[in-house]
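In what follows, a single structure is set out as structure tokens and then discussed.
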Amino acid sequence: MTANAKKRVLSGIQPSGNLTIGNYIGALRQWVAEQDAYDCFFCVVDLHSLTLPQDPAHLRAKTREVAALYIASGIDPDKATIFIQSHVPAHTELAWILSCLTPLGWLYRMTQFKDKAAKQQQESVGAGLLNYPTLMAADILLYQAHAVPVGDDQRQHLEYTRDLAQRFNHLYGETFVLPDAMIPKTGARIMGLDNPLAKMSKSEASEGHAVYLLDTPAVARKKLMRAVTDSGREIIFGESPEKAGVNNLLTIYQAITGQSNADIEAHFAGKGYGDLKKEVGEAVVSLLTPLQARYQELMAEGGYLDKVLAHGAQKANEVANQTLAQVRQCIGLVAPS
Ligand code: TRP
């Protein structure tokens, strides 16, 4: 099969914090698994991070770090296209065009906008936050992606992307592929260690919330030892809110070891929460150690990351500009001579 016959996948992560084991288990390792069967584009969505206040130096450093962590996680730059969103100006241009086709009601309805806006002072909610899904739609539609691996919390944004694509196709003729969300089976959803009822987040400030991919083994172990559990003693998988902490620890263990739920429960039968936390800590360290070694290696190789990103941007620009030219033509913009 030639590269062009493969279906296309696109996804991205915001460089607005430290990537966590949740990002690895819920996203990155899925991406790695897809890179042979699909023509993959993985971007670091730095422009999305601007929707909330960022320190410039921090944003710059995190953007490169996230790209390096894509590679350290096993995404192969020879197979997948890795790039920084802002290196492809077509994203912002298409986002503008799409925003002109978007009824405000569609945007006000987005639960992520409502959640994020509620956490801000009313006057400081930026227009970019409202338009966040439009930029995400542009990311996806520019590449004519068939499938978009995302977490369940992004389902609504994907539906919005499809609605927009459909509206555009209806108004101007078949232009965009309608993308499908590719949502990993339950179990891959990692929750906060300090609050197992909320998804583990890279932008949560509290110390014991998440294990970062670049945490030292000592820090990772310590965070797991402090994970919230419950006052019981049963080490079993379960959906009930009281068991959410234990369930989360077992889910992490399951994701890393690949063992079946039954085998894991049998393994921990008769043991205490202290043993559980210790063993999950060791499993996490066994995940982080090789990943961090690869990260250090590629950061030490002067210019390597920049080369990958330059090459990725070139490829991404080629594909994106082709779609954008078609869009500009459809909607009546004069082609530059
Ligand atoms: N909104 C996504 C998230 O928070 C990040 C994102 C931006 C994205 N653009 C994208 C994901 C395009 C998939 C495709 O997870």
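Computed from a prediction, not measured in an experiment: that's the story for all the values here. Numbering of ligands and ligand atoms starts at 1, following listing order. Heavy-atom basis, side chains included; hydrogens, waters and symmetry copies ignored.
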- Which ligand 1 atoms, with their elements, are less than 4.0 angstrom from a heavy-atom of V45? 7 (C), 9 (N)

- Item | side chain to side chain donor-acceptor pair (under 3.5 Å) between K315 and T81, worked out | CA-CA 7 Å; K315 259 188 82 182; T81 304; 3.1 Å; yes

- Item | Contact atoms of ligand 1, heavy-atom distance to Y132 under 4.0 Å | 1 (N), 2 (C), 3 (C), 4 (O), 5 (C)

- Query: Which of the atoms of ligand 1 are close to D139, meaning less than 4.0 Å from one of its heavy atoms?
  - Reply: 7 (C), 9 (N), 10 (C), 12 (C)

- Query: side-chain hydrogen bond (donor to acceptor under 3.5 Å, both in side chains) with K278: which residues, sequence neighbours excluded?
  - Reply: none

- Task: Check ligand 1 against V150 and write out every atom of the ligand that is under 4.0 Å from a heavy-atom position of the residue.
- Result: 11 (C), 13 (C)

- Query: What do you reckon, are the aromatic ring centroids of F268 and Y253 less than 6.0 Å apart?
  - Reply: yes

- Task: Could you list which atoms of ligand 1 come closer than 4.0 Å to a heavy atom of Q154?
- Result: 1 (N), 2 (C), 3 (C), 4 (O), 15 (O)

- Query: Identify the closest protein heavy atom to atom 8 (C) of ligand 1: which residue and atom is it, and at what distance?
  - Reply: G12 O, 3.8 Å

- Which ligand 1 atoms, with their elements, are less than 4.0 angstrom from a heavy-atom of V148? 13 (C), 14 (C)

- Task: Give a yes or no on this: more than 12 heavy atoms of other residues, nucleotides or ligands lie within 6.0 Å of atom CD of Q259.
- Result: yes

- Item | Reference residue D39; test salt bridge (charged side-chain N to carboxylate O under 4.0 Å, His left out); the match among K6, R8, K7 | R8

- Considering T51, L10, L135, which one's heavy-atom position lies nearest to atom 12 (C) of ligand 1? L10

- May I ask you to check if K243 and F237 form a cation-pi contact, with NZ or CZ under 6.0 angstrom from the six-membered ring centre and within 45° of the axis? no

